Peer 1: 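To start, I am sharing the structure in question, which I have written as structure tokens.
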Amino acid sequence: TTSPNPCQAPFALFFEIDLRPTSPVCYGAMEGIPGVHQITTRAANMILVAEDRLTLIDTGFRGSSSHIAKYISRLGRSIEELGLIILTHNHIDHVSGLAEIRRITPVQVAAGMADLSESEQGLPYRRYMLRLMRLPPISFFAPLVYVKPSEIDMPLVGDEVLHPLGGLRVIATPGHTPGSISLYSAAKKLLIVGDTLNNRGREPQLPPKNLITSLPQAIDSVKRLAQL
């Protein structure tokens with residue numbers, strides 16, 4: 001048997017391409033296809049699209065911005081060239097790095113509308129998680145682990161086409177969360193699924209049931225992706 005890779009993110013953003021960080025510590029980065037890079041910090045994956053303007057898909061945990069900036073600088077670019085951030089869903093390991101990046105550069109942000117709420121009761125977590133978030137000391141940190149509607153410039157509902165990769169189609173894929181989105185580039189034949197699917201086994205599969213807000217929706221979303 002092989003030892004598990006401590007950097008292997010439990011939910012892979014890439015579905016059609018298996019991109020696994022090779023770094024022995026919990027930070028890794030690699031170019032999967034020309035101009036499309038995966039950055040992994042603390043088992044959270046982010047995708048960087050390097051074109052005339054930079055696009056970042058998901059922002060990882062708090063503290064990820066330094067790793068993102070360092071990797072971008074290795075490409076001869078600057079984090080201040082970020083023109084768009086797309087959040088696949090409103091969970092701590094995908095959105096917590098946003099505030100740090102926005103303190104560096106005033107980037108536009110897009111996210112699924114159904115994941116956004118001014119109230120913690122409307123957040124895309126299972127009920128037991130919402131109850132935990134109301135208890136101290138977790139309640140003190142709760143506002144730091146999600147984004148609010150006021151932080152989003154482009155609320156998404158699905159079927160929008162964003163500019164990266166010659167047209168990046170937004171696909172509503174609820175299930176893991178109500179507002180989860182996937183992104184499809186027909187030109188690159190690339191599908192980015194956030195946590196709609198994961199790579200815990202040899203084949204893509206659904207996230208664990210305790211991390212799914214609606215199992216029927218999650219199954220329907222995968223069926224919709226399979227038709228692309």
Side-chain angles (χ1 to χ4, degrees), residues 1-23 26-33 36-49 57-61 64 86-96 111-112 114-115 123-130 132 145-146 156 158 165 168-186 188-228:
T1 60
T2 58
S3 299
N5 183 343
C7 290
Q8 179 59 55
F11 306 114
L13 284 170
F14 277 88
F15 175 41
E16 295 182 334
I17 301 173
D18 183 20
L19 295 180
R20 301 188 178 188
T22 57
S23 171
C26 286
Y27 167 73
M30 63 189 301
E31 185 173 23
I33 60 176
V36 181
H37 308 254
Q38 177 176 296
I39 305 169
T40 301
T41 64
R42 291 193 291 169
N45 289 326
M46 295 150 280
I47 304 299
L48 176 71
V49 179
I57 301 169
D58 289 329
T59 62
F61 289 102
S64 297
I86 307 169
L87 303 174
T88 60
H89 60 289
N90 197 3
H91 273 178
I92 179 174
D93 54 331
H94 292 257
V95 307
S96 296
D115 267 6
L123 293 177
Y125 286 96
R126 296 287 295 271
R127 290 181 181 177
Y128 76 93
M129 287 293 294
L130 294 175
L132 286 175
V145 303
Y146 63 91
L156 304 171
L165 298 173
L168 198 56
R169 178 183 163 199
V170 178
I171 304 169
T173 48
H176 178 56
T177 69
S180 287
I181 61 169
S182 296
L183 303 163
Y184 180 60
S185 167
K188 298 287 187 179
K189 294 184 171 59
L190 176 67
L191 178 61
I192 301 172
V193 300
D195 282 358
T196 299
L197 289 166
N198 69 56
N199 65 348
R200 288 178 295 128
R202 293 188 176 184
E203 296 181 355
Q205 56 188 290
L206 292 173
K209 289 183 179 179
N210 66 333
L211 297 177
I212 293 176
T213 57
S214 171
L215 183 58
Q217 284 188 329
I219 294 171
D220 287 344
S221 290
V222 173
K223 290 179 179 178
R224 195 176 312 118
L225 294 178
Q227 295 174 358
L228 293 174

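Computed from a predicted model, the values in this text were never measured in an experiment.
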Peer 1: Return the CG to CG distance between L165 and L190, rounded to the nearest 0.5 Å.
Peer 2: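 One gets 6.5 Å once the value is rounded to the nearest 0.5 Å.
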
Peer 1: Of all heavy-atom pairs between P207 and T196, which one has the smallest distance, and what is that distance?
Peer 2: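 Reported closest heavy-atom pair: CD-O, 3.6 Å.
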
Peer 1: Does the side chain of V193 come within less than 4.5 Å of S221's, by heavy atoms?
Peer 2: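 No - every pair of side-chain heavy atoms lies 4.5 Å or more apart.
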
Peer 1: Between F61 and T41, what is the shortest heavy-atom contact and its length?
Peer 2: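 Shortest heavy-atom contact: CD1-O, 4.4 Å.
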
Peer 1: If you take all heavy atoms of P174 and R224, which pair is closest and at what distance?
Peer 2: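 The answer is CD-NH1, 4.2 Å.
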
Peer 1: Please test V170 against L183 for side-chain contact (heavy atoms from CB on, under 4.5 Å), starting from the C-alpha separation and ending with a verdict.
Peer 2: CA-CA 5 Å; V170 178; L183 303 163; 3.9 Å; yes

Peer 1: How far does CD1 of I33 sit from OG of S185, to the nearest 0.5 angstrom?
Peer 2: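 The CD1 atom of I33 sits 7.0 Å away from the OG atom of S185.
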
Peer 1: Identify the heavy atoms of D58 and M46 that sit nearest to each other, and give their distance.
Peer 2: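 It is O-CG, 3.2 Å.
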
Peer 1: Taking all non-hydrogen atoms of both residues into account, name the closest pair between I181 and G112 and its distance.
Peer 2: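 Of all heavy-atom pairs spanning I181 and G112, the closest is CG2-CA, 4.2 Å.
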
Peer 1: Calculate, to the nearest 0.5 Å, the distance between atoms CG and CZ belonging to L191 and R169 respectively.
Peer 2: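 Between atom CG of L191 and atom CZ of R169 there are 10.0 Å.
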
Peer 1: To the nearest 0.5 Å, what is the distance between CD1 (I192) and CD1 (I171)?
Peer 2: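 It comes to 10.5 Å.
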
Peer 1: Answer yes or no: is there a side-chain heavy-atom contact under 4.5 Å between L168 and I86?
Peer 2: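 Yes, their side chains come closer than 4.5 Å.
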
Peer 1: Check each of N90, T88, T177, T213 against D115 using the side-chain hydrogen bond (donor to acceptor under 3.5 Å, both in side chains) test, and report the only one that passes.
Peer 2: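 That would be T177.
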
Peer 1: Looking only at the side chains, is there a donor atom on one of D195 and H91 sitting less than 3.5 Å from an acceptor on the other?
Peer 2: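 No.
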
Peer 1: Nearest heavy-atom pair of H89 and S180: which atoms, and what distance?
Peer 2: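 Reported closest heavy-atom pair: CB-OG, 3.6 Å.
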
Peer 1: Verify, without hydrogens or angle tests, whether H176 (side chain) and A218 (backbone) share a donor-acceptor contact under 3.5 angstrom.
Peer 2: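 Looks like no, no N/O pair under 3.5 Å.
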
Peer 1: How long is the span from the CG atom in N45 to the CG atom in N198, to the nearest 0.5 Å?
Peer 2: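 If I round to the nearest 0.5 Å, the distance is 11.0 Å.
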
Peer 1: Do any N or O atoms from the side chain of T59 and from the backbone of H94 form a donor-acceptor pair under 3.5 angstrom?
Peer 2: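 Judged by distance alone, yes, a pair lies under 3.5 Å.
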
